Amino acid sequence: MTEPSPVHGTWLGRRDAVAKLLAALLVTAAVVTTLDPVASLTVIGALLVLLPFTGLGLGTLWRRGWPILVSAAGIFGFTVLLGAQDSPVVAHVAGLDVRENAVGYALRLLAVGLPGFVVFATIDPTDLADSLVAHLRVPPRFAIGALAALRLAPLLAGEYRLIRLARRARGTKAGPFSTLFGLLVAAIRRGIRLATAMEARGFDRGEPRTIARDTRFGWMDALVVALGLALAATVIMLKFART
């Protein structure tokens with residue numbers, strides 16, 4: 001049995017999974033409605049301030065979240081070069097006009113991805129399944145499926161590396177798209193085997209299931225939702241204040 005992650009023992013890690021998901025959903029929904037760079041920076045700054053309560057360091061944030069940064073940089077460059085020219089110019093870099101919409105798109109992507117990253121990094125898959133069933137009355141079949149998906153997600157990186165090494169050993173070109181296709185096929189096969197094994201163990205009998213651990217929604221969990229609601233309200237107010 002694997003040891004629990006130290007992240008799950010932090011203040012945010014001990015909070016209820018549904019509370020964290022709801023808070024992240026509120027913030028993300030608010031950020032999606034605006035391109036205001038100030039609103040996105042507010043969300044990013046608030047989450048960076050929250051990092052000490054999550055147990056996630058900046059190094060971990062970079063190792064796990066670099067795809068979001070690369071995507072934001074790509075959107076920024078694409079918008080600077082080919083985006084609409086009716087947005088105000090905020091800077092000049094290497095002879096190019098950096099417009100507000102380019103900054104807004106890049107920062108919005110970061111502000112949308114960061115809440116989900118922080119939340120899922122501090123959620124134990126078993127706690128998530130128990131919380132979904134106990135508080136949202138989610139069908140156990142869906143909750144157990146979510147549990148299995150989160151348990152297997154960390155294996156994708158290692159399996160991607162093994163597929164590339166195996167293709168190189170056979171002398172086959174290990175391009176990113178062909179490797180991703182192989183990873184998709186392997187994930188589907190693993191999912192089919194897992195579903196068959198779960199059905200063989202009676203997970204799909206349709207009978208009521210019990211929860212092994214007591215899951216309670218306390219006032220500290222309500223505080224997490226309130227913080228998410230407050231941050232989402234701040235984003236909405238900044239949106240209207242700056243239009």
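Fair warning: this is a prediction, and the values are worked out from it, not measured in the lab.
Put simply, the side chain of Phe53 does not reach to within 4.5 Å of the side chain of Thr10, judged on heavy atoms. A 4.5 Å side-chain heavy-atom check between Leu56 and Phe117 finds at least one atom pair inside the cut-off. Within the 4.5 Å cutoff, side-chain heavy atoms of Pro115 are placed close to those of Leu47. Contact check for Leu107 versus Phe76: no side-chain heavy atoms found under the 4.5 Å cut-off.
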- Start with the C-alpha distance between Ile44 and Leu48, add both sets of side-chain angles, then the distance that settles side chain to side chain contact (heavy atoms under 4.5 Å, CB included), and finish with yes or no. CA-CA 6 Å; Ile44 295 172; Leu48 290 179; 4.1 Å; yes
- Task: List the steps, then state whether side chain to side chain contact (heavy atoms under 4.5 Å, CB included) holds for Thr179 with Tyr160.
- Result: CA-CA 7 Å; Thr179 306; Tyr160 179 86; 3.3 Å; yes
- Trace of the side chain to side chain contact (heavy atoms under 4.5 Å, CB included) decision for Leu114 with Leu61: CA-CA 9 Å; Leu114 198 54; Leu61 190 65; 3.8 Å; yes
- side chain to side chain contact (heavy atoms under 4.5 Å, CB included) assessment of Val31 paired with Val112: CA-CA 6 Å; Val31 172; Val112 167; 3.8 Å; yes
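For the pair Ala143 and Ala129, the tightest heavy-atom approach, listed with the atom from each and the gap, is O-CB, 3.6 Å. Considering every non-hydrogen atom in both Val224 and Ala23, the closest pair reads O-CB, 3.5 Å. Of all the heavy atoms in Val103 and Pro37, the pair that sits closest is CG1-CB, 4.2 Å. Between Val80 and Ala102, the shortest heavy-atom distance links the atoms CG2-CB, 3.7 Å.
Between the side chains of Arg151 and Thr126, at least one donor N or O lies within less than 3.5 Å of an accepting N or O.
The closest donor-acceptor contact from the side chain of Asp221 to the backbone of Arg15 lies at 3.5 Å or more, if one exists at all. Judged by distance alone, with hydrogens and angles left aside, the side-chain atoms of Thr33 form a donor-acceptor pair with the main-chain N or O of Ala30 at under 3.5 Å. Side chain of Lys239 to backbone of Ala39: no donor-acceptor contact under 3.5 angstrom is found. With hydrogens and angles disregarded, a donor-acceptor distance shorter than 3.5 Å links the side chain of Ser71 to the backbone of Pro67. The backbone N or O of Val119 lies less than 3.5 Å from a partner atom in the side chain of Thr122, making a donor-acceptor pair.
Between Leu109 atom CG and Ile68 atom CD1 the span is 7.0 Å, to the nearest 0.5 Å. The CZ atom of Arg108 sits 14.0 Å away from atom CG of Leu41, with the distance rounded to the nearest 0.5 Å. For the atom pair OH of Tyr105 and CD1 of Ile75, the computed distance is 9.5 Å after rounding to the nearest 0.5 Å. Within the model, atoms CZ of Arg216 and CG of Asp16 stand 12.5 Å from one another, a figure rounded to the nearest 0.5 Å. Between atom CH2 of residue Trp11 and atom CG of residue Leu50 there is a gap of 7.0 Å, rounded to the nearest 0.5 Å. Atom-to-atom distance recorded for Thr54:OG1 and Lys20:NZ is 10.0 Å, nearest 0.5 angstrom.
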Output a table of donor-acceptor pairs, distance under 3.5 Å, between side-chain atoms of residues 228-238 and any protein atom two or more places apart or on a different chain; print 'none' if there are none.
unit_1	atom_1	unit_2	atom_2	d
Thr234	OG1	Ala230	O	2.8

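For Glu159, the salt bridge (charged side-chain N to carboxylate O under 4.0 Å, His left out) partners are Arg190, not counting sequence neighbours. Listed by chain and number, the residues in a ring pair (Phe, Tyr, Trp, His ring centres under 6.0 Å) with Phe217 are His135 (sequence neighbours excluded). Among residues two or more places apart in sequence or in another chain, the salt bridge (charged side-chain N to carboxylate O under 4.0 Å, His left out) test is passed with Arg193 by none. Contacts of Leu128 classified as side chain to side chain contact (heavy atoms under 4.5 Å, CB included), with partners at least two apart in sequence or in another chain: Ala17, Leu21, Ile123, Leu132, Leu150.
In terms of hydrophobic clustering, with Ile, Leu, Val, Met, Phe, Trp and Tyr side chains grouped at heavy-atom distances under 4.5 Å, Phe181 and Ile192 are assigned to different clusters. In the hydrophobic cluster analysis, where Ile, Leu, Val, Met, Phe, Trp and Tyr join through side-chain heavy atoms closer than 4.5 angstrom, Phe78 is grouped together with Val98. Grouping the Ile, Leu, Val, Met, Phe, Trp and Tyr side chains by contacts below 4.5 angstrom, directly or via other members, places Val70 with Leu81. Ile163 and Val185 end up in different hydrophobic clusters when Ile, Leu, Val, Met, Phe, Trp and Tyr side chains are linked at under 4.5 Å. Grouping the Ile, Leu, Val, Met, Phe, Trp and Tyr side chains by contacts below 4.5 angstrom, directly or via other members, places Ile188 apart from Leu155.
For residues 28-50, every residue pair satisfying the salt bridge (Lys or Arg N to Asp or Glu O under 4.0 Å) rule, not counting sequence neighbours, is listed here: Asp36-Arg242.
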